[in-house]
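Here is the structure we will look at.
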Amino acid sequence: MQSSQREYDIIVAGGGISGVAIAYGLAIKNKGLKIAVLDAPTDINRASRTNVGLIWCQSKFLHRPEYAKWGFLSRKEFPRILDELYQISGIKVPAYFEGGLIPVLSEEEYKKRGDYIEGLRDVLGEYNGNMIDRSELEKKLPKIPFGFEVCGAAWCEDDGFLNPLALMRAYRLALTKIGVEFVNDTIVYSVEPKANSYSVQTEKGTYYCDRLVLACGLANKRLVQFSINDLPIFADKGQVLLTERMPFVMPIPVLGCTQTVAGTVIIGFKHETRGHDATVVPHTVAQEGAWALRVWPELGKKRIIRSWPGLRVMPNDNVAIYSHLPEHEKVTVINTHSAVTMAAAHSTYLADYILGGALPEVASSMTLKRFGYSV
């Protein structure tokens, strides 16, 4: 490796929730390693801009049960990870593990979601959830006057939510306290293989490492081109509405219409494919608002204080990618649209794989092999 003060055992390119969760797991499990996290400026489009902070298991996926299992496994690790972060960083992340709800507005939708739950129960062997009728829904959230069309909800007791910004702060502060170097406002331009190492070109100069983790979201598509031409991910556009603060009445999150711990309500559920167009589309925002009013009519009396879009990263088959690159086993690419849900699993289970070991069995099919690459 070239002589430089910017030499590291591992560089994690990307300081979002996935990147910091992975860096934390590496540092905790391997205290002798010299690790750096390179984070882009805040004006770079971030998936976290449309992140509500849900820890969500019930919508992951009947046709890929291993991904559903991965989500449930991560959920079980969260209390330990949050306690550990609190002990190191001093930041207590507001978190609620009271379950999660998906409201339904017709008997047809009620049956469709019920069939999906039973399918999940069959493939997983167990599932801590079911369909509940309106009376049971009102018992779970007694302070919310639901709209007359709401006939029930899909319920999963393993879901929950937290403050994603507090989670990010806790991870970042913990990283600095356990010796990880955090380099802010650093755009990564490219990666070049060297003899048994890698150079990472940034606007602040060149960094060198033995092993590299690419957790740069959509930018990974550009950064992997020294190995493959087409990383199978795309930009998944979301748009959200934010209401004014109101009394906290939702300790159980409602998908698409979730109250934050600060009292605001974030409305949004759309997944759109519009390339890298991150502009607000008024009619789409209006559709989301109209749906929210059918669920919770009282929101019609509240001011909308902000609306914004964001581009989330989405693998082509909607399942996470954890993979070394072809002919570059010391480079690991990480892409998932479930960064918050999977953060605890990323901190707990990926370090060994990044350092040359095997993926956990439940995640072993999530490499680039499923897209035809030899890795």
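Computed from heavy atoms alone, side chains included, the values below leave out hydrogens, waters and symmetry copies. Start at 1 with the first residue, then count along the sequence.
L54 is not connected to M314 by any chain of hydrophobic side-chain contacts under 4.5 Å among Ile, Leu, Val, Met, Phe, Trp and Tyr, and they are in different clusters. Under a hydrophobic clustering in which Ile, Leu, Val, Met, Phe, Trp and Tyr are joined whenever their side-chain heavy atoms come within less than 4.5 Å, directly or via other members, L325 and L38 fall into the same cluster. Using a 4.5 Å cut-off between side-chain heavy atoms of Ile, Leu, Val, Met, Phe, Trp and Tyr, with links allowed through other members, M342 and L85 fall into the same hydrophobic cluster. Follow the hydrophobic side-chain contacts under 4.5 Å out from I304 and you reach V265 in the same cluster.
Side-chain contact annotation: Y207 with T186, donor-acceptor N/O pair under 3.5 Å absent. For the residue pair Q201/S199, the side-chain donor-acceptor check at 3.5 Å is satisfied.
Note on residues 9-27: pairs passing side chain to side chain donor-acceptor pair (under 3.5 Å), not counting sequence neighbours, are Y24-E84. Sorted by first then second residue, the side chain to side chain donor-acceptor pair (under 3.5 Å) pairs that include residues 90-114, not counting sequence neighbours, are K111-D115. Applying the ring pair (Phe, Tyr, Trp, His ring centres under 6.0 Å) test to pairs two or more places apart or on separate chains, those with a residue in residues 351-375 are H324-Y353. For residues 344-371, the pairs satisfying salt bridge (charged side-chain N to carboxylate O under 4.0 Å, His left out) are D317-R370, with sequence neighbours left out.
Considering only heavy atoms from C-beta on, M168 comes within 4.5 Å of V20 through its side chain. The side-chain heavy atoms of Y67 and S338, taken from C-beta on, include a pair separated by under 4.5 Å. Taking the side chain as every heavy atom from C-beta outward, H337 and D236 never approach each other to under 4.5 Å. Between L212 and T332 the shortest side-chain heavy-atom distance does not fall below 4.5 Å. Put simply, the side chain of I321 does not reach to within 4.5 Å of the side chain of T367, judged on heavy atoms. Within the 4.5 Å cutoff, side-chain heavy atoms of L141 are placed close to those of I252. A 4.5 Å side-chain heavy-atom check between Y127 and I117 finds at least one atom pair inside the cut-off. Between V333 and V331 the shortest side-chain heavy-atom distance does not fall below 4.5 Å.
Closest non-hydrogen pair, S347 versus A21, comes out as OG-O, 2.8 Å. Counting all heavy atoms, side chain and backbone alike, P193 lies closest to H328 at CG-CE1, 3.6 Å. Taking all atoms of both residues into account, the shortest heavy-atom contact from A95 to L82 is CB-CD1, 3.7 Å. Nearest approach of C257 to M250, heavy atoms of both residues: O-CE, 3.3 Å. When all heavy atoms of Y198 and D210 are compared, the pair lying nearest together is CD1-O, 3.9 Å. Heavy-atom minimum distance, A339 versus I17: O-CG2, 3.6 Å.
In this structure T260 satisfies the side chain to side chain donor-acceptor pair (under 3.5 Å) test together with T264, sequence neighbours excluded. Partners of E138 by side chain to side chain donor-acceptor pair (under 3.5 Å), not counting sequence neighbours, listed by chain and number: R134. Under the rule for a side chain to side chain donor-acceptor pair (under 3.5 Å), R222 has no partner lying at least two apart in sequence or in another chain. Residues meeting the salt bridge (Lys or Arg N to Asp or Glu O under 4.0 Å) test with R121, sequence neighbours left out: E118. Partners of R294 according to the salt bridge (Lys or Arg N to Asp or Glu O under 4.0 Å) rule, which considers only residues two or more places apart in sequence or in another chain, are E149. Remark: E288 pairs with no residue by the side chain to side chain donor-acceptor pair (under 3.5 Å) rule, at least two apart or across chains.
Between the side chain of K194 and the backbone N or O of C209 there is no donor-acceptor pair closer than 3.5 Å. A distance-only check finds no donor-acceptor pair linking the side chain of N30 to the backbone of G32 [under 3.5 Å]. With S307 contributing its side chain and V240 its backbone, the two residues share a donor-acceptor pair below 3.5 Å. Under the 3.5 Å distance criterion, the side-chain polar atoms of T341 are left unmatched by any main-chain donor or acceptor of G71.
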Where do I267 and L299 land on the side chain to side chain contact (heavy atoms under 4.5 Å, CB included) test, with the steps shown first? CA-CA 10 Å; I267 300 165; L299 292 177; 4.1 Å; yes

Decide side chain to side chain contact (heavy atoms under 4.5 Å, CB included) for L101 and L255; before the verdict, give the C-alpha distance in whole Å, the side-chain angles of both, and the deciding distance to 0.1 Å. CA-CA 6 Å; L101 295 158; L255 186 65; over 6 Å; no

Salt bridge (charged side-chain N to carboxylate O under 4.0 Å, His left out) between E77 and R80: does it pass, once the steps are laid out? CA-CA 6 Å; E77 296 291 345; R80 178 187 61 80; 3.0 Å; yes

For a side-chain hydrogen bond (donor to acceptor under 3.5 Å, both in side chains) check, start with the C-alpha distance between Y171 and S89, then their side-chain angles and the critical distance, and finish with the verdict. CA-CA 8 Å; Y171 266 125; S89 71; over 6 Å; no

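Using a 30° and 60° split on the angle between ring planes, H346 and W70 fall in the tilted class, from 30° to 60°.
Other residues, nucleotides and ligands contribute more than 12 heavy atoms inside 6.0 Å of the CD atom of E244.
E66 and K69 are not joined by a salt bridge, as no carboxylate oxygen comes within less than 4.0 angstrom of a charged side-chain nitrogen.
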Side chains of residues 152-161: which donor-acceptor partners sit under 3.5 Å, not counting sequence neighbours?
from: D158; atom 1: OD2; to: N128; atom 2: ND2; distance (Å): 3.1
from: D159; atom 1: OD1; to: C57; atom 2: N; distance (Å): 2.6
from: D159; atom 1: OD2; to: Q58; atom 2: NE2; distance (Å): 2.9

Listed pairs under 3.5 Å, donor-acceptor, residues 223-234 side chains, sequence neighbours left out:
from: S227; atom 1: OG; to: P326; atom 2: O; distance (Å): 3.0
from: D230; atom 1: OD1; to: K221; atom 2: NZ; distance (Å): 3.1

